[in-house]
Amino acid sequence: MTSALRRKAAQMASAATQCFSYSSLPATWALRQRGGGASVLRLSSRRTFSVSAAAGFDNQNREYVIVGGGNAAGYAARTFVEHGMADGRLCIVSKEPVPPYERPALTKGYLFPPDKKPARLPGFHTCVGSGGQRQTAEWYKENGIEVLYEDPVVAFDGKTQTLKTSSGKVLKYGSLIISTGCEASRLPEKIGGKLPGVHYIRDVADADALVSSLGSAKKVVVIGGGYIGMEVAAAACGWNLDTTIIFPEDHIMPRLFTPSLAKKYEELYQQNGVKFIKGALIEKLGAGSDGRVSSAVLKDGSVVEADTVIVGIGAKPVVSPFEAVGVNPKVGGIEVDSLFRTSVPGIFAIGDVAAFPLKMYNRIARVEHVDHARKSAHHCVETLLTSQTKAYDYLPYFYSRVFEYEGSSRKVWWQFYGDNVGEAVEVGNFDPKVATFWIDSAG
Ligand SMILES: Cc1cc2nc3c(=O)[nH]c(=O)nc-3n(C[C@H](O)[C@H](O)[C@H](O)COP(=O)(O)OP(=O)(O)OC[C@H]3O[C@@H](n4cnc5c(N)ncnc54)[C@H](O)[C@@H]3O)c2cc1C
Ligand SMILES: NC(=O)c1ccc[n+]([C@@H]2O[C@H](COP(=O)([O-])OP(=O)(O)OC[C@H]3O[C@@H](n4cnc5c(N)ncnc54)[C@H](O)[C@@H]3O)[C@@H](O)[C@H]2O)c1
Ligand SMILES: O=C1O[C@H]([C@@H](O)CO)C(O)=C1O
């Protein structure tokens, strides 16, 4: 075992201890070891940072600009403040009307029924999700950070180092961090993907619209058996709604769970009244006489009634208008090196949108989970502001929490570390815990 692998194994062991000591809940995690262990660092000495054009905010010039006001942006802003480099120097250009918040809350606490203390802003602005300070709009003002709200970047010119926003502002940047995240994949409009009562969840506005539908809903159909599907279906149980999950695969969380693990979770959902329709594709969503969604019609012709439909069929990285910076053809997203530098000097990408070298598995990856959003943001800003040249060496970590609302018969929190490759070994019977280890020593 190389020393790097030994270090990772120690990290895993420590993570395992934490997991079992403070959670009495099921845990899922994996360690994948690549034989030989030689990792390739993709550092390019030709990439240098541009020197900022101007300090302070005048009509056009900004020293540091972050595009996207999401999870990663909030953690990046914190790192700028920690280095005393925010005041009068940092500008965040955001599409949303509120400062960065912990997006995971939207399908968890945010969807608790009204009588079960749902989470609402400003309660979950970054960086509270990792135990940090709650960065409200006042925090940004106090720290001299300019935030342009509801004014997405619509055009980019790398040669002149300028951005144009939807309101027509032209911003010249010294250094640029792209943190535009992902957007929800949608069902085509021609099959009912835009009908009233059909929901997608990516931001607070989406979650508000869903909460409003849930208030008068009776029959809920959830399309997709992934993260959103599992979390929203569990939330709908808290509202005592007739809930059906429909997905094309054989079991829930097909990309992550083993069939055995999925079975345990499916049973838990069934005990809460959730129905499953597996191996099914949607032909179309039907509308009632009021124009709202009234059914999901499956490819085999069967019809499932619904007054509220939540679609969770995956997400796509938001690379526009930055395609020219370099999109990875395999995993999508803006390609960066292990310091989050793109192919264009002075331009960085972090969070969901970044295609980065996942050093321990020696491949380029995108990770669409919050721990990476937080850590990539920190690592990138450290690189930008200090002489750090340490390669990002990330141990993938993600989690979910379901049935958390007060009065639920069982709250479940699962966690996953590493990669789910190799032979799966399951320990425990979900009463109350289960752990799955994926063991892969192939090189
Ligand atoms: C509902 C939901 C629940 C989740 N739950 C979990 C969880 O439990 N655990 C977990 O590990 N991960 C979870 N995730 C994933 C996690 O939230 C993301 O990985 C994280 O938000 C990524 O951070 P980001 O900053 O890269 O992207 P985002 O947080 O999506 O931020 C991107 C921001 O950029 C803005 N933007 C896009 N284009 C432009 C533009 N042109 N100009 C200006 N702004 C722009 C967007 O409006 C958005 O505000 C969840 C995601 C969702 C949607
Ligand atoms: N706990 C978490 O980490 C968490 C929670 C919520 C959301 N998210 C993030 O939000 C994003 C969206 O999550 P998601 O659950 O939509 O994506 P996902 O990729 O986890 O799941 C998509 C699911 O949709 C189904 N599907 C795909 N195409 C379909 C189609 N045409 N018709 C019907 N079903 C189809 C499949 O069952 C698949 O499992 C991802 O980036 C995810 O990482 C993460
Ligand atoms: O990471 C997270 O942040 C929020 C919440 O903890 C903020 O208070 C949430 O629900 C997560 O899963």
Side-chain angles (χ1 to χ4, degrees), residues 66-76 92-96 98 100-111 119 123-131 134 148-156 163 165-166 178-185 187-188 200-207 222-232 245-249 251-256 278 280-282 296 310-322 333 349-354 366-374 376-377 396-402 404 413-416:
I66 300 177
V67 177
N71 240 123
Y75 282 77
I92 299 177
V93 189
S94 179
K95 189 166 154 186
E96 294 193 62
V98 289
Y101 53 85
E102 304 284 5
R103 205 164 297 283
L106 296 182
T107 37
K108 302 182 185 59
Y110 210 88
L111 298 185
F124 57 96
H125 284 297
T126 60
C127 299
V128 294
S130 60
R134 192 160 57 99
L148 305 180
Y149 294 104
E150 293 184 278
D151 199 8
V153 168
V154 292
F156 156 77
L163 304 168
T165 70
S166 67
I178 302 167
S179 65
T180 44
C182 278
E183 63 188 357
S185 300
L187 290 177
Y200 303 85
I201 306 198
R202 189 71 206 181
D203 59 28
V204 166
D206 298 334
V222 176
I223 300 175
Y227 293 94
I228 298 251
M230 281 189 74
E231 292 181 9
V232 171
I245 310 185
I246 303 173
F247 51 83
E249 298 90 353
H251 64 73
I252 50 163
M253 293 297 281
R255 282 187 299 145
L256 190 65
K278 302 176 185 181
L281 280 170
I282 305 293
I310 299 106
V311 183
I313 57 170
K316 290 178 292 200
V318 179
V319 294
S320 173
F322 301 104
I350 56 176
D352 281 12
V353 78
R366 277 192 318 101
V367 172
E368 297 176 359
H369 297 278
V370 74
D371 178 64
H372 164 69
R374 294 167 179 161
S376 61
Y397 165 65
F398 18 109
Y399 65 88
S400 178
R401 301 193 311 268
V402 288
E404 287 185 288
W413 175 18
W414 62 256
Q415 303 180 70
F416 175 91

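Counting convention: from 1, in listed order, for ligands and their atoms alike.
- Residue, atom and distance of the protein heavy atom nearest to atom 8 (O) of ligand 1 are Lys108 NZ, 2.4 Å.
- Under a 4.0 Å heavy-atom criterion, Pro248 is in contact with ligand 2.
- Nearest protein neighbour of atom 2 (C) of ligand 3, counting heavy atoms only, is Tyr399 OH, 3.3 Å.
- Between Phe398 and His369, the ring-plane angle classifies as parallel under the 30° and 60° cut-offs.
- Atom 9 (C) of ligand 3 is approached by the protein to below 4.0 angstrom, counting heavy atoms only.
- Within the 4.0 Å heavy-atom shell around ligand 2 one does not find Ile282.
- Distances below 4.0 Å separate heavy atoms of Asp352 from the following atoms of ligand 1: 18 (C), 19 (O), 20 (C), 22 (C), 26 (O).
- Using a 4.0 Å cut-off to heavy atoms of Pro254, the atoms of ligand 2 that qualify are 39 (O).
- Near Thr107, with a cut-off below 4.0 Å to any heavy atom, the atoms of ligand 1 are 1 (C), 2 (C), 3 (C).
- For Leu281, no nitrogen or oxygen atom sits less than 3.5 Å from a nitrogen or oxygen atom of ligand 2, counting backbone and side chain alike.
- Salt-bridge annotation for Glu102 and Arg374: present, with a side-chain N of the basic residue lying under 4.0 Å from a carboxylate O of the acidic one.
- Among all non-hydrogen protein atoms, the one lying nearest atom 43 (O) of ligand 2 is Glu368 O, 2.9 Å.
- Of the candidates Val370, Ile201, Ile228, Thr180, the one placing a heavy atom closest to atom 38 (N) of ligand 1 is Thr180.
- Residue Arg255 has at least one nitrogen or oxygen atom sitting less than 3.5 Å from a nitrogen or oxygen atom of ligand 2, judged on distance alone.
- Remark: ligand 1 atoms within the under-4.0 Å shell around heavy atoms of Pro104 are 3 (C), 4 (C), 5 (N), 6 (C), 7 (C), 8 (O), 13 (C), 17 (O).
- In terms of protein heavy-atom proximity, atom 52 (C) of ligand 1 is nearest to Arg103 CG, 4.1 Å.
- Within the listing of ligand 3, atoms 3 (O) sit less than 4.0 angstrom from a heavy atom of Gly129.
- The pair Lys95-Glu183 does not meet the salt-bridge criterion, since no charged nitrogen lies less than 4.0 angstrom from a carboxylate oxygen.
- Note: an N/O pair closer than 3.5 Å links Gly312 and ligand 2 by distance alone.
- For Arg103, the closest heavy-atom approach to ligand 3 does not fall below 4.0 Å.
- Proximity to Val318 (heavy-atom distance under 4.0 Å) selects the following atoms of ligand 1: 38 (N).
- Between His369 and ligand 2, an N or O atom pair is found at a separation short of 3.5 Å.
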